[in-house]
Amino acid sequence: MILAVLDDSPAALDMLAFAQSLGQQVDVATFGGGDVDDLAKRGVRTLHRITHDELADCAPAASGDALAQLIEHLRPDGVLAVSSDAVTEAMAHAAAIAGLPLATNCVEVTTGEPWLLTRVRGGGMLLEEAELTATPALLTIAQGVSGDIGAGPVESCEVREFFPELTTTQARVVERASRGAGMTLATAPVIVSGGRGVGSADGYRVLEELAERLGGVVGCSRVATNNGWRPHSDQVGLTGTKVTPDLYLACGISGATQHWVGCMDSKVIMAVNTDPEAPLVRRATYAVIGDVHEVLPAVLAEINARSKT
Amino acid sequence: MEVLVCVKRVPAPGAKVPLTDDATDIDTRYLGHTIGPHEECGVEEAVRIVKAHGGSATVLAVGPPEADEQLRYAIAMGADRGVLVDVGAAELDPEATAAAIVHAVGDTSYDLVLFGTESADASHYQVGIRVARALGLPIVGGIKGIDIDDGAARLRREVADGVEVYRLPLPAAAAVKEGLNLPRYPSMPGRLKAKKARIDVVPYTPEPGGLRKVRLRQPNDDREEAIVLGHGADAAPRVVDVLEQIGVIT
Ligand SMILES: Cc1cc2nc3c(=O)[nH]c(=O)nc-3n(C[C@H](O)[C@H](O)[C@H](O)COP(=O)(O)OP(=O)(O)OC[C@H]3O[C@@H](n4cnc5c(N)ncnc54)[C@H](O)[C@@H]3O)c2cc1C
Ligand SMILES: Cc1cc2nc3c(=O)[nH]c(=O)nc-3n(C[C@H](O)[C@H](O)[C@H](O)COP(=O)(O)OP(=O)(O)OC[C@H]3O[C@@H](n4cnc5c(N)ncnc54)[C@H](O)[C@@H]3O)c2cc1C
């Protein structure tokens, strides 16, 4: 049996289909939640719901404890988990408790002895083929991976509540604040992003103006963050935010891999750069060769001129 | 406050990541190396905490003898001393790395142990969590704010819908993210101090864990070359045509 650890994100259902495509019976585990009618439609017979009053307010170690206990109780052949921050963190704790290896961010999996995997490294810079020798095999599956042979529907999905015994409840949440409404890099349809080529903090004014005009936000490269031109919350890339807007307008950004992996899944990438050989210019959908501070004001003027007619 | 920061020597490739002929590793012959940005923030934070609360900051790397370079960089930033766990050139899996760190820490007791966290889309969290559990320390990952007060660490992190703050009684551990602070560039006196600083070398023969790297490969990249819309300000009309066409101008 394979245990699929899901959260309530839509990506979790892709992960479930992927787990089912491995050809073994798949049970589901959640930290509370789980829509049994939907799971039955997806061919899941059993939902193991980890239930504990304090789980939500304890540090991730507690979720890891709970998961380790469930794994010990069920003894599955493999545990496949979604790769959200929270679930990955719980899986890492569970792996540490159980003394088992954990392969994160897998995109291809073949069960067996050993399990053969392909995992993503450096946010998408490289793929690694690896062998995992352990029972159960613990894996997290990269976002966006799905399987086309889900299982046929079953009549019903039975809920089995699992009550863990938590010992590590000392580390706790003491404060929570919700994010105000408003667009973020992760949700904006348009990102006007600037790098070293913008030249200064003041230089971003024209990017801000264009972003506002296009209903988007400003992003930046790590050089801009390190120079103190922009806050880190604007940074796109491996150690910033991974973005997927309709339009990524990259101004004065060369396109180092660590930046590229953060923006490569944008629908359209347009690069503005003085250097026609810059990697991002070559890999973009569209490119303009020129100085940011000449091109962007001209684009703004053109937009304004057209909106008047 | 005795603070330990674990840093890893990683290659810093440019636009392409070159592989060795047998594709088992990154070809680093022509690449520089660095410590990960998350860990750089960890070093900066340790230096600030020690300045505010007294004590000392130790940096530790598991890797080849060349990781000396990264430890000295951290010392130039203001850390007090370095520990190099010499495991030779091979890259270790997370279990083996964690075991090497635990071995080197031995009986030394630190009040706070800092690790880096991987970016949200490629989180490992593993090494820090494995070490913290082995040392019996509470740990939370993804941390972007640390306050030390009253025998505890208050750790702040961003989650999907906002911010969470955890209170961990010391001794404790945290896996931190870039954005925690803006790391300083090493000063000239810092660099001179780092040149002469003592680095303890701990030899260690790793036991492989259960995850074995077989081979690396480049992701497919079958993108077409970009369509050049023009040069300078003259390109503006064609740019706006494209913006209209993809529907981002309303
Ligand atoms: C482990 C690690 C993680 C990293 N994580 C990230 C990350 O998350 N995000 C990130 O961005 N970087 C990251 N980096 C840094 C990355 O390697 C690059 O250093 C960085 O992305 C370069 O930023 P840049 O493109 O702004 O600067 P540069 O590479 O210096 O490029 C500047 C570009 O601007 C062009 N230009 C100059 N003047 C003008 C002008 N007037 N008009 C138009 N174009 C002009 C130049 O031709 C050049 O192409 C990371 C590095 C490492 C080692
Ligand atoms: C921020 C970041 C940038 C990266 N940039 C690159 C890159 O430019 N090129 C590339 O090929 N790969 C890069 N990688 C990938 C990296 O080399 C590994 O493939 C990946 O991180 C494997 O996980 P890990 O073993 O490092 O453990 P993780 O669990 O990801 O490491 C977490 C933390 O554990 C500690 N740690 C891990 N290893 C050691 C060690 N040897 N010594 C001391 N402390 C350690 C560090 O504090 C680290 O931040 C990057 C990874 C990260 C996190």
Side-chain angles (χ1 to χ4, degrees), chain A residues 59-61 85 88-89 92-93 96 101-105 120 122-134 170-179 190 214 228 232-233 238-239 242 246-247 255-257 268 279 281-290 294-295 298-299 302-303 306, chain B residues 13-17 37-38 93 95 119-126 129-130 133 138-142 154 161-169 178-179 182 209-219 223 225-233 235-237 239-240 242-243 246 248-250:
Chain A
D85 285 353
T88 304
E89 206 171 0
H93 277 281
L102 164 67
T104 51
N105 281 300
V120 175
M125 277 195 262
L126 283 178
L127 296 171
E128 172 188 336
E129 292 171 14
E131 294 175 356
L132 181 65
T133 314
Q170 222 188 353
R172 296 182 156 268
V173 174
V174 289
E175 210 179 300
R176 272 206 171 96
S178 62
R179 203 187 303 286
V190 174
L214 299 177
H232 182 266
S233 52
L238 177 62
T239 52
K242 189 165 170 83
D246 295 332
L247 173 67
T257 30
V268 170
V281 168
R282 308 193 72 127
R283 292 171 124 177
T285 333
Y286 300 102
V288 177
I289 312 305
E294 286 172 19
V295 177
V299 168
E302 178 74 18
I303 294 173
R306 289 193 196 184
Chain B
K16 273 262 179 276
V17 187
H38 301 314
D93 65 273
E95 281 179 287
S119 51
D121 60 313
S123 302
H124 273 259
Y125 287 127
Q126 274 200 48
I129 287 172
R130 287 180 191 275
R133 291 204 85 108
I139 181 168
V140 180
R154 288 172 68 88
D161 51 356
V163 175
E164 288 175 349
V165 180
Y166 288 86
R167 183 176 185 280
L168 307 193
E178 192 178 28
L182 191 56
L211 183 65
R212 193 175 80 83
K213 172 174 73 176
V214 177
R215 176 170 99 85
L216 298 175
R217 73 185 138 92
Q218 310 275 4
R223 279 167 208 263
E225 289 253 319
I227 299 168
V228 177
L229 296 173
H231 289 74
V239 170
V240 179
V242 170
L243 299 183
I246 60 178
V248 297
I249 295 185
T250 42

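Note that the coordinates shown come from a computational prediction; the quantities given were computed from them, not determined experimentally. Convention: sequence-line order gives letters A, B, ...; per-chain numbering from 1.
Within the 4.5 Å cutoff, the side chain of B:E95 has no heavy atoms near those of the B:L211 side chain. Side chains of A:E89 and B:V140 form a contact here, defined as non-hydrogen atoms less than 4.5 Å apart. With contacts defined as side-chain heavy-atom distances shorter than 4.5 Å, the pair A:L127/A:V120 qualifies. The shortest distance between side-chain heavy atoms of A:D246 and B:I246 does not fall below 4.5 Å. In this structure the side chain of A:T88 never reaches within 4.5 angstrom of the side chain of A:N105, judged on heavy atoms. B:K213 places none of its side-chain heavy atoms less than 4.5 Å from the side chain of B:D93.
For B:L229, the parts sitting under 4.5 Å from any heavy atom of chain A are the backbone and the side chain alike. The parts of B:R130 that come within reach of chain A are both its backbone and its side chain, each placing non-hydrogen atoms under 4.5 angstrom from that chain. Using a 4.5 Å cut-off between heavy atoms, A:V268 contacts chain B through its side chain alone, with no backbone atom that close. Residue B:A235 touches chain A through its side chain alone, counting heavy-atom pairs closer than 4.5 Å. Residue B:V242 touches chain A through its side chain alone, counting heavy-atom pairs closer than 4.5 Å. Heavy-atom distances place both the backbone and the side chain of A:V173 under 4.5 Å from chain B. Residue A:A103 touches chain B through both its backbone and its side chain, counting heavy-atom pairs closer than 4.5 Å. Within the 4.5 angstrom heavy-atom criterion, atoms from both the backbone and the side chain of B:L216 approach chain A. Looking at A:T133, both its backbone and its side chain come within 4.5 Å of chain B, counting heavy atoms on both sides.
B:R133 CZ to B:I139 CD1: the interatomic distance, rounded to the nearest 0.5 Å, is 10.0 Å. Distance check: A:R172 CZ to B:Y166 OH gives 11.0 Å after rounding to the nearest 0.5 Å. With values rounded to the nearest 0.5 angstrom, B:R215 atom CZ is found 11.5 Å from A:E128 atom CD. Rounded to the nearest 0.5 Å, atoms CG (A:L238) and CE (A:M125) are 5.0 Å apart.
Note: A:H93 leads A:E302, A:R282, A:H93 in heavy-atom pairs under 4.5 Å with chain B. Residue with the most contacts toward chain A among B:E225, B:R167, B:R217: B:R217 (heavy-atom pairs, distance under 4.5 Å). Chain A forms more heavy-atom pairs under 4.5 Å with one residue of B:P138, B:P169, B:G230 than with any other, namely B:G230. In terms of non-hydrogen atom pairs under 4.5 Å with chain B, the most contact-rich of A:S233, A:G290, A:G228, A:A284 is A:A284. Interface check for chain B: of the options A:A59, A:A61, A:P279, A:G255, the most heavy-atom pairs under 4.5 Å are formed by A:A59. Note: A:A287 leads A:P60, A:A298, A:A287 in heavy-atom pairs under 4.5 Å with chain B. The choice from A:R176, A:R283, A:H232 that makes the most heavy-atom pairs within less than 4.5 Å of chain B is A:H232.
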